[in-house]
Amino acid sequence: MAVPTPLNGKVIIVTGASSGIGKASAIALAAEGASVIIAARRLEKLKEVQDEIQKTGGRALPIKCDVTIREQVKSMVREAESSYGPIDVLVNNAGVFYLTLMKNLKEEQWDETLEVNCKGVNNCIGAVLCGMIDRKRGHIVNITSNVARKGEKCMAVYSGSKFYVEGLSQSLRKELLGTGVKVTCIQPGDTQTDIGSDSNDTEVIILIF
Ligand SMILES: NC(=O)C1=CN([C@@H]2O[C@H](COP(=O)(O)OP(=O)(O)OC[C@H]3O[C@@H](n4cnc5c(N)ncnc54)[C@H](OP(=O)(O)O)[C@@H]3O)[C@@H](O)[C@H]2O)C=CC1
Ligand SMILES: CC(=O)[C@H](N)C(=O)O
């Protein structure tokens, strides 16, 4: 007989679940009995994650979603709820990271970093928050960083984006006191993933390697 776990039957969205920490989190959550909605832009990768989860008897629903596009996020949550029921937990994991010196003006990278790491988080929280408040339960888990509390060279915009999420989380936690909805930040340590591999600031590459 299956042993019940605290996550058994919970409905959990993990954004950025097509690779890295999001993929590993989705697999671990499903192994604990959660029904996991895996969201990201690369549907083929998400389907591979779904296969991996289903092979061990878990439940996962892949949904293609760009977190910077609010309508896609709302539609992802609607599809998730119509398949699995109300969302218990949102894991805001999707993120991008470029190692760069600010003076080298990688403006497109700045914009993308803020779009995904800040606006994406707003969009995802906005799509689940009212439902969680109505149900008087829910948990928003934001993946931040060790540079969310202390800046580091070559990470100005990235670090700022993660400070934003920490600030948002502290304030939202106060706003939600007594509602039954919790907000948690997780700062993973350095983890070997593909993040940062698109960095192309040659001055930084020379500095570091
Ligand atoms: N690795 C590390 O050392 C650390 C990582 N972190 C944080 O952990 C989180 C995960 O990073 P990690 O696993 O390392 O990196 P990966 O690059 O492996 O994963 C990033 C994920 O974000 C998704 N993503 C990026 N842009 C979007 C978008 N616009 N819409 C939807 N999904 C998007 C990607 O999916 P797709 O391309 O398919 O859309 C991918 O699944 C990030 O928030 C990162 O800042 C924090 C501290 C340390
Ligand atoms: C993505 C990274 O590796 C960065 N060093 C961080 O800790 O957030």
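Numbering of ligands and ligand atoms starts at 1, following listing order. Numbering starts at 1 and runs along the sequence shown.
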Straight-line distance of Cys65 SG to Arg41 CZ, nearest 0.5 Å: 10.5 Å
For ligand 1, is any non-hydrogen atom under 4.0 Å from Asp66's backbone (N, CA, C, O), its side chain (CB onward), both, or neither? both
Does ligand 1 have an atom under 4.0 Å from some heavy atom of Pro188? yes
Provide the number and element of each atom of ligand 1 under 4.0 Å from a heavy atom of Gly20. 13 (O), 18 (O)
Residue by residue, ordered by chain and number, which ones reach under 4.0 Å of ligand 2 with a heavy atom? Phe97, Ser145, Asn146, Met155, Tyr158, Asp190, Ile195
Can you report which non-hydrogen protein atom sits closest to atom 45 (O) of ligand 1, along with the distance? Tyr158 OH, 2.6 Å
At under 4.0 Å between heavy atoms, what of Lys45 touches ligand 1? The answer is neither
Protein contact to atom 40 (C) of ligand 1 [nearest heavy atom, distance to 0.1 Å]: Ser19 OG, 3.4 Å
Which distance, rounded to the nearest 0.5 Å, do you find between the CD1 of Ile38 and the OG of Ser18? 9.0 Å
Looking only at distances, please establish whether an N/O atom of ligand 1 is found under 3.5 Å from an N/O atom of Val96. no
Atom 8 (O) of ligand 1: nearest protein contact (heavy atom, Å): Ile143 CG2, 3.5 Å
Quick one: look up the protein heavy atom nearest atom 9 (C) of ligand 1 and list residue, atom name and how far away it is. Asn93 O, 3.1 Å
To the nearest 0.5 Å, tell me how far Cys124 SG sits from Leu90 CG. 6.0 Å
Can you confirm whether the side chains of Gln109 and Asp201 place a donor and an acceptor under 3.5 Å from each other? no
Any side-chain donor-acceptor pair under 3.5 Å between Glu32 and Asn8? no
CA sep, side-chain torsions, deciding dist, call: Glu48, Lys23, salt bridge (charged side-chain N to carboxylate O under 4.0 Å, His left out): CA-CA 10 Å; Glu48 288 170 23; Lys23 174 179 174 178; 5.4 Å; no
In this structure, CZ of Phe163 is separated from CG of Leu168 (nearest 0.5 Å) by 14.5 Å
Do Trp110 and Val116 share a hydrophobic cluster, counting only Ile, Leu, Val, Met, Phe, Trp and Tyr and linking them when any side-chain heavy atoms are less than 4.5 Å apart? no
Within 4.0 Å of some non-hydrogen atom of Asp190, the atoms of ligand 1 are 3 (O)
Within the structure, is a non-hydrogen atom of Thr144 found at a distance of less than 4.0 Å from ligand 1? yes
Find the distance between CD1 (Ile63) and OG (Ser75) and round it off to the nearest 0.5 Å. 7.5 Å
Among Asn117, Ile21, Val165, the residue with a heavy atom nearest to atom 5 (C) of ligand 1 is Ile21
Under 4.0 angstrom from ligand 1, any heavy atom of Gln187? no
Side chain to side chain donor-acceptor pair (under 3.5 Å) with Ser169: of Asn142, Asn92, Thr144, only one passes, and it is Asn142
At what distance is the nearest protein heavy atom to atom 12 (P) of ligand 1, and which residue and atom is it? Thr193 OG1, 3.5 Å
List every atom of ligand 1 that sits less than 4.0 Å from any heavy atom of Cys65, numbering the atoms from 1 in the order shown and giving each element. 30 (N), 31 (C)
If you have a sec, work out which protein heavy atom is nearest atom 35 (O) of ligand 1 and how many Å separate them, to one decimal? Ser18 OG, 2.9 Å
Rounded to the nearest 0.5 Å, what separates atom CD in Glu152 from atom OG in Ser145? 9.0 Å
State whether a side-chain donor-acceptor pair under 3.5 Å links Asp66 with Thr68. yes
Atoms in ligand 1 with a heavy atom of Gly189 nearer than 4.0 Å: 3 (O), 48 (C)
Can you establish whether the number of heavy atoms outside Arg149 located under 6.0 Å from its atom CZ is more than 12? no
Protein heavy-atom partner closest to atom 25 (C) of ligand 1 - residue, atom, separation in Å: Arg41 NH2, 3.4 Å
Looking only at the side chains, is there a donor atom on one of Ser19 and Asp194 sitting less than 3.5 Å from an acceptor on the other? no
Given Leu46, Asn123, Ile195, which has its nearest heavy atom closest to atom 15 (O) of ligand 1? Ile195
Between Asp88 and Arg137, does any NZ, NE, NH1 or NH2 come within less than 4.0 Å of an OD or OE carboxylate oxygen? yes
Please report which non-hydrogen protein atom sits nearest to atom 1 (N) of ligand 1, along with the residue it belongs to and the distance in Å to one decimal place. Thr191 O, 3.0 Å
Take a 6.0 Å sphere around CZ of Arg173 and say whether it holds more than 12 heavy atoms from other residues, nucleotides or ligands. yes
